[in-house]
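Just the heavy atoms: all of them, side chains too, but no hydrogens, waters or symmetry mates, feed the values below. Convention: sequence-line order gives letters A, B, ...; per-chain numbering from 1. Since this is a predicted model, take the numbers as computed values, not measurements.
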There are 2 protein chains.
Amino acid sequence: MNATPHWLDPEQKAAWDSFIRMQETLIGRLSRRLQADSRMSAADFVVLAGLTESEGGRMRFLDLTKRVEWEKSRMSHQIGRMAKRGLVTREECPDDGRGAYIVVTPEGYRAIEEAAPLHVEHVRRLFVEAITQEELDTLGRISARVLAHMERQPD
Amino acid sequence: MNATPHWLDPEQKAAWDSFIRMQETLIGRLSRRLQADSRMSAADFVVLAGLTESEGGRMRFLDLTKRVEWEKSRMSHQIGRMAKRGLVTREECPDDGRGAYIVVTPEGYRAIEEAAPLHVEHVRRLFVEAITQEELDTLGRISARVLAHMERQPD
DNA sequence: GGGCATTGGTTGACGTGTCAATCATCAGCG
DNA sequence: CGCTGATGATTGACACGTCAACCAATGCCC
């Protein structure tokens, strides 16, 4: 049958395009700033943020990857790179021979404590300040709705 | 002086987190779908979309990179990969010895004509359907506002 | 027309992400 | 105890993006 494709109407397309452009530009800028300010990638930041919010700055590998919602292989590569740079270490897990703990080093703490305030500042400057509190709220609600919707969708 | 950092308040942070999570999940799913459905990356899609919207499916290299707002080195690598897979070709530019035209091949047309309807379907299914027309509108306006704001900001 | 900054584009190195395969350990069950 | 399948994690190959350096034509000005 193959009906003619069901394209977005012009207003929908405009909204979608804006969103995509915005999102790309924003994320791009933020991560370039992070890199320039703190010699740290967005990925580094996310991992350190997740880890340091946990008691003792240590977490089981899989718990960490769940917390930040990554695939385990991505996390494994990332931890490898971060370990090489001294931001985290791997420790054996006493009660499960396969398992690993990931632990923030003092270096790692230093790094994120330096980066976080600058990062927030940029989020404010580029994003929060652009819109009203109400708009920010609305955006938050819309995002939550989309997220919930996706969770109900296959794939 | 170093005042204590100006963190986001809880509502702001919640909205920001939602947005980030939504955006990552959505983009992630869409590009995995694209890859699975059409053996094509999001980058391939963007480039082909830009090119095919132009008369004759051909464009000057730099015009193309401006149209999709990429850095030229990114585009150069991307074109290289796409050329290797036969989606586009490079052609010399008669009136500027340095320049290059990028041209969509028949293969390239086939590829995007197959991919586009599926892609739109997923955008609908995962995103558009999750929210009302009005919310989509609002999101578009907010995005445009953030975009405009960023354009006025350094860096 | 000879120098020289500018423009158009490529390259290489490196960090990052995905997928599929692999490996070691562990839990459950006969 | 000894399989067997599930769980926790790593690996390798490859696509992608960024940065900085580079190269080759071009335009321009003296």
Give the nucleotide from the list C/dC19, C/dT7, C/dT10 with an atom nearest to the side chain of B/Arg98. C/dT7
Should the side chain of B/Ser41 and the base of D/dC16 be counted as holding a donor-acceptor pair, with the cut-off at 3.5 Å? no
Show every salt bridge (Lys or Arg N to Asp or Glu O under 4.0 Å) that has at least one partner inside residues 119-143 of chain B, sequence neighbours left out. A/Arg145-B/Glu135, B/Asp137-B/Arg141
With respect to the side chain of A/Gln78, which nucleotide from D/dA20, D/dG8, C/dG17 is positioned closest? C/dG17
Look at the aromatic rings of A/Phe45 and A/His119 and report parallel, tilted or perpendicular, splitting at 30° and 60°. tilted
Rounded to whole Å, how long is the line connecting atom CD1 of A/Ile27 with atom C1' of D/dT18? 17 Å
Closest approach to the side chain of A/Arg81, judged atom by atom: which nucleotide of C/dG15, D/dC16, C/dT11 is it? C/dG15
Counting any heavy atom closer than 4.0 Å, what does B/Gln35 reach on the DNA or RNA strands: base, sugar-phosphate only, or nothing? nothing
Taking transitive links into account, so neighbours of neighbours count too, which hydrophobic residues share a cluster with A/Leu118 at under 4.5 Å side-chain distance? none
With the side chain of A/Leu62 defined as its heavy atoms from C-beta on, choose the nearest nucleotide among C/dG9, D/dT10, D/dA9. D/dA9
Charged N-O contact under 4.0 Å between A/Asp155 and B/Arg32: no
Can you say whether a donor on the side chain of A/His77 sits under 3.5 Å from an acceptor on the base of D/dG12, or the other way round? yes
Compare the minimum distances between each of D/dC19, C/dA20, D/dA9 and the side chain of A/Lys72, then state the nucleotide with the smallest one. D/dA9
So does B/Asp17 pair up with B/Lys13, basic N to acidic O under 4.0 Å? yes
Please figure out whether A/Arg60 or A/Arg32 has its closest DNA chain D nucleotide nearer the 5' end. A/Arg60
What is the distance from CG of A/Asp155 to P of C/dT18, rounded to the nearest Å? 14 Å
In this structure, how many angstroms lie between the C1' atom of D/dG8 and the CD atom of A/Glu92, rounded? 14 Å
Would you indicate what B/Arg85 reaches in the nucleic acid, counting non-hydrogen atoms under 4.0 angstrom: base, sugar-phosphate, or nothing? nothing
What nucleic acid atoms does B/Arg90 come within less than 4.0 Å of, heavy atoms only: base, sugar-phosphate, or nothing? sugar-phosphate
